[in-house]
Amino acid sequence: CALPIYTHRTSGAFFGYSVDISGDTIIVGAPGFVPGTAYIFDRSYGVWTQTVEIPYTLFSQSPYSSYSAKNSYGSSVAIDGDNVVIGYPLGYTQYHQKYFQGYGSYPTGVAFAYSRINGSWVQETTLTGFIDDTGIPNGAQVNDNFGITVSVKEGIAVVGVPTHDYDSSGANALSSAGAVYVYKRTANGSVFNWDFDQKLAGGFDDRTTGDNLGSAAAVAEIAIVLPS
């Protein structure tokens with residue numbers, strides 16, 4: 001379904017907190033709302049016009065239903081052609097609710113992938129940081145800030161998780177060493193999925209406490225750049 005068009009300004013919206021551009025399209029995050037939002041602007045004949053808002057909506061495709069009453073959706077945004085990824089570092093899913101219910105809250109963070117199809121932006125999936133049904137310890141943990149940085153290029157999405165503790169095997173915990181999750185967009189008939197591809201957590205010898213790997217991330221045509 002097509003997303004609605006809204007144009008409004010409000011105190012504390014933090015419009016412009018995150019931005020990205022691809023060709024004649026700009027995406028702008030406004031995470032100060034509860035839960036936050038993002039806007040698309042398109043350029044036509046030299047004029048930039050807001051064409052759509054991509055608000056947070058409950059994504060009900062089990063098992064990736066997303067929940068949260070906190071702001072931060074739109075803290076990070078990325079666009080490449082007809083693909084958009086929006087980070088929600090204080091969001092969570094029913095997986096997180098199930099496995100972290102003892103914490104009383106579950107803000108592990110999530111990200112959302114959208115695609116422009118026949119001129120309309122539609123949500124394709126939720127990127128959860130869960131590698132499998134167990135989710136622990138290789139998946140995103142409470143307060144990991146999964147989605148605080150995102151990038152997308154040619155069907156590859158990367159999501160930064162700077163306060164994650166575990167390495168790529170789910171072992172060797174170091175506080176806030178950080179990690180990055182990589183996803184690949186694949187076709188299944190007429191349906192597209194964003195499949196988990198790999199978790200990057202640095203080498204065994206150079207990981208240290210407080211590295212915050214994933215606090216910035218960018219994907220180019222054949223490389224992922226993670227500043228240290």
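- A salt bridge between Glu124 and Arg185 is present, with a side-chain N of the basic residue lying under 4.0 Å from a carboxylate O of the acidic one.
- Ile86 contributes atom CD1, which lies 9.5 Å from atom CD1 of Ile79 (distance to the nearest 0.5 angstrom).
- Across all non-hydrogen atoms, the minimal contact from Ser151 to Ala78 is CA-CB, 3.6 Å.
- Summarising the geometry of Gly147 relative to Pro89, their closest heavy-atom pair is O-CD, 4.0 Å, with the distance given to 0.1 Å.
- In this structure, CZ on Phe196 lies 6.5 Å from OH on Tyr183, to the nearest 0.5 angstrom.
- Checking side-chain atoms of Asn145 against main-chain N and O of Val161 turns up no donor-acceptor pair under 3.5 Å.
- Considering all non-hydrogen atoms of both residues, Trp121 and Asp82 come closest at CZ3-O, 3.5 Å.
- Contact record, Tyr88 with Pro35: OH-CB, 3.0 Å, taken as the closest heavy-atom pair.
- Side chain of Thr25 to main chain of Asp42: no donor-acceptor pair is present (N/O by atom type, distance under 3.5 Å, no hydrogens or angles).
- Judged by distance alone, the side chain of Ser75 and the main-chain N or O of Pro31 form no donor-acceptor pair under 3.5 Å.
- In summary, the side chains of Asn193 and Thr186 do not present any donor paired with an acceptor at a separation below 3.5 Å, with no hydrogens or angles considered.
- Applying the 6.0 Å contact sphere to OH of Tyr17 captures no more than 12 heavy atoms from other residues, nucleotides or ligands.
- In this structure, Tyr73 has its ring center under 6.0 Å from that of Phe112.
- Glu154 and Asp80 get closest at one heavy-atom pair: N-OD2, 2.7 Å.
- The minimum heavy-atom distance linking Lys199 with Ala179 is given by the pair CE-CB, 3.9 Å.
- For the atom pair CG of Asn83 and CZ of Phe192, the computed distance is 9.0 Å after rounding to the nearest 0.5 Å.
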